[in-house]
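Following: one structure in C-alpha cells, then a few remarks.
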Protein chains: 2
Amino acid sequence: MAKDISEPINVPQAYLAKLLQPLVKENIVSSVRGPKGGFYMDDENLEKTVIDIIFVIDSEEKFSSCMLSLDKCNEENPCPLHNILVASRNDIFQQLKEKTIRELAHEVALGNAFLPL
Amino acid sequence: MAKDISEPINVPQAYLAKLLQPLVKENIVSSVRGPKGGFYMDDENLEKTVIDIIFVIDSEEKFSSCMLSLDKCNEENPCPLHNILVASRNDIFQQLKEKTIRELAHEVALGNAFLPL
DNA sequence: TTTTTAAGATGATTTATATCATATATTGAA
DNA sequence: TTCAATATATGATATAAATCATCTTAAAAA
Ligand code: FES
Ligand code: FES
C-alpha cells in the first residue's frame with residue numbers, strides 16, 4: 001500500500017500516490033483498489049528499468065540536454081563541461097537503461113543493497 | 001558586464017547578478033563598479049574549479065547524499081542505485097574538482113569547446 | 001564636483017515543485 | 001447487498017526557485 005512505501009522513506013503518502021499514478025498508467029507499476037489492494041510489480045513490470053521510470057516522472061531531456069543549459073550546444077559545439085562530463089553521464093545513462101527493477105530487487109534480496117521498507 | 005554575459009545565455013541580467021554576488025564574496029569572481037566596470041577573473045580566480053562554484057551556489061550535499069534521497073543510506077548501507085552509480089558520480093566529482101576555470105577557458109581559446117559569449 | 005555607469009543589497013513577484021485535502025471508483029469481506 | 005479499505009482524480013495550498021523591481025554604493029569621466 002502507498003502508506004507502507006511512503007512512511008519508511010519519509011515521503012507524504014498522497015504525494016507518493018500521485019507520483020505512482022502515471023507509472024501505473026504507463027504499465028511500469030501495477031495496482032489494485034479496495035481492501036487488500038495496493039501497488040505491486042508483476043513479471044512484466046519487473047523488466048522495466050530505472051530509465052523507464054525517469055522518462056515518465058521527469059523527462060528524456062535530463063540526459064541529452066546541455067549540462068550548462070546552453071541551448072545552442074551539442075556534440076559538435078560542445079560547451080567546456082561537455083568533454084569532461086559527457087562520458088560519465090553516458091555511463092550513468094547506460095547503467096540506468098540496462099538495470100531492470102528485477103535485478104535491483106535481487107541485489108536487495110541478496111543483501112548487497114538496502115531499502116528502508 | 002552582467003548584461004554581456006546574461007544576454008547570450010538567456011539568463012535574466014538581474015538574476016545573473018544575484019548569482020554572481022556570493023561568488024564575488026567568496027573570491028571566485030572579481031568585480032569593479034562604475035563605468036568601465038564589470039565582472040572579471042584575475043589570476044587567482046582562474047585557479048578556482050567548477051566544484052568551488054557549485055559549493056557556493058548549491059551545496060556540498062549534491063555529491064555526497066543518497067541519489068534516492070534516502071537519509072539512512074551510506075557506503076555501508078547502500079541503496080540499490082548506489083553500487084551502479086557511485087563510480088560515475090565520483091568521476092564527475094573528480095573532474096569538476098580538478099579542472100580549473102583557466103583550463104576550461106583554454107579549451108575555449110583552442111576551439112575545442114564553445115561558449116555563446 | 002557632478003554626472004553617469006555599473007555592481008551590491010534587499011525585498012517583492014512569479015513560476016515550478018511539493019504537499020495537502022477532498023471527493024469518486026473499485027474491490028474484498030461481512 | 002452493504003460496508004470498509006484502498007487506489008484514482010482533481011484541485012487547493014505551501015514551499016522553494018527563479019525572476020523582477022528598486023534603491024544604494026563605488027568609480028570613471030566630463
Ligand atoms: S554541450 Fe554542454 S554538456 Fe554537452
Ligand atoms: S546510498 Fe543511495 S546513492 Fe549511496
Side-chain angles (χ1 to χ4, degrees), chain A residues 1-42 44-46 48 50 52-71 101 116-117, chain B residues 1-42 44-46 48 50 52-63 65-71 79 101 116-117:
Chain A
M1 297 185 326
K3 194 181 170 191
D4 302 320
I5 305 170
S6 67
E7 281 187 349
I9 63 177
N10 296 312
V11 174
Q13 182 221 312
Y15 183 44
L16 179 79
K18 195 176 238 185
L19 289 173
L20 283 172
Q21 281 166 31
L23 295 178
V24 171
K25 194 162 292 179
E26 294 294 328
N27 194 32
I28 292 168
V29 171
S30 300
S31 68
V32 287
R33 295 199 251 198
K36 289 287 174 181
F39 297 95
Y40 67 100
M41 300 191 77
D42 64 19
E44 194 186 342
N45 299 148
L46 287 168
K48 296 293 165 65
V50 184
D52 292 328
I53 298 171
I54 292 173
F55 281 9
V56 170
I57 302 293
D58 297 325
S59 95
E60 196 147 351
E61 268 100 67
K62 287 283 164 66
F63 289 95
S64 57
S65 61
C66 174
M67 290 175 268
L68 286 182
S69 302
L70 302 171
D71 45 304
I101 304 302
L117 298 185
Chain B
M1 295 185 329
K3 194 180 170 192
D4 302 320
I5 305 169
S6 66
E7 280 186 349
I9 62 176
N10 296 312
V11 173
Q13 182 221 313
Y15 183 43
L16 179 79
K18 196 176 238 184
L19 289 173
L20 284 173
Q21 281 166 29
L23 294 178
V24 171
K25 193 162 295 180
E26 296 293 329
N27 194 33
I28 292 167
V29 171
S30 300
S31 67
V32 286
R33 297 199 250 196
K36 290 286 174 182
F39 297 94
Y40 66 100
M41 299 190 76
D42 64 19
E44 194 185 341
N45 298 150
L46 286 169
K48 296 291 165 68
V50 184
D52 292 327
I53 299 172
I54 292 173
F55 281 9
V56 170
I57 303 292
D58 295 327
S59 97
E60 194 148 352
E61 268 99 67
K62 285 281 163 64
F63 289 95
S65 61
C66 174
M67 291 177 268
L68 285 181
S69 301
L70 302 171
D71 44 303
C79 73
I101 306 301
L117 296 183

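Below, chains carry the letters A, B, ... as their sequence lines are ordered, and counting in each starts from 1. Atom set for the values below is all heavy atoms of this structure, side chains included, hydrogens, waters and symmetry mates excluded. On a predicted model such as this, the values are computed, not experimentally measured, just so you know.
The nearest pair of heavy atoms linking B/Val56 to B/Pro22 is CG1-CB, 3.8 Å. The two residues A/Leu117 and A/Asp4 make their nearest non-hydrogen contact at CD2-O, 4.4 Å.
Looking at B/Pro116 and A/Leu70, their side chains come closer than 4.5 Å, going by heavy atoms from C-beta outward. The shortest side-chain heavy-atom distance between A/Leu23 and A/Phe39 does not fall under the 4.5 Å cut-off.
Rounded to whole Å, the distance from CD on A/Gln21 to P on C/dA25 is 15 Å. Atom pair A/Asn10:CG and C/dA18:C1' shows a separation of 15 Å (rounding to whole Å applied). In this structure, B/Asp58 atom CG and D/dA16 atom P are separated by 16 Å, rounded to whole Å. Atom CZ of A/Phe39 is separated from atom P of D/dA5 by 18 Å (rounded to the nearest Å). Atom-to-atom, CG of B/Leu23 to P of C/dG8 comes out at 11 Å; the value is rounded to the nearest Å. The nearest whole Å value for the distance from the NZ atom in A/Lys18 to the C1' atom in D/dA14 is 13 Å. At whole-Å resolution of the value, CD in A/Gln13 and C1' in C/dA18 are 15 Å apart. Computed from coordinates, the B/Leu19 CG to C/dG8 P distance equals 13 Å when rounded to whole Å.
Between A/Ala14 and A/Val32, the residue anchored nearer the 5' end of DNA chain C, judged by the nucleotide with its closest heavy atom, is A/Ala14. Nearest-nucleotide positions on DNA chain D for B/Val11 and A/Ser31 put A/Ser31 closer to the 5' end. The residue among A/Pro35 and A/Lys25 whose nearest nucleotide of DNA chain D lies closer to the 5′ end is A/Pro35.
Looking only at distances, no side-chain donor or acceptor of B/Asn27 sits under 3.5 Å from a matching main-chain atom of B/Asn45.
For A/Arg33 against D/dT8, a side-chain-to-base donor-acceptor contact under 3.5 Å is absent. For D/dT6, its base never sits under 3.5 Å from the side chain of A/Lys36 at any donor and acceptor pair.
Counting only heavy atoms from C-beta on, B/Tyr15 has its side chain closest to D/dT19 among C/dT19, D/dT19, C/dC20. For B/Pro12, taking side-chain heavy atoms from C-beta onward, the closest of the listed nucleotides C/dA18, D/dT8, D/dT19 is D/dT19.
No contact: B/Lys3 has no heavy atom under 4.0 Å from any strand.
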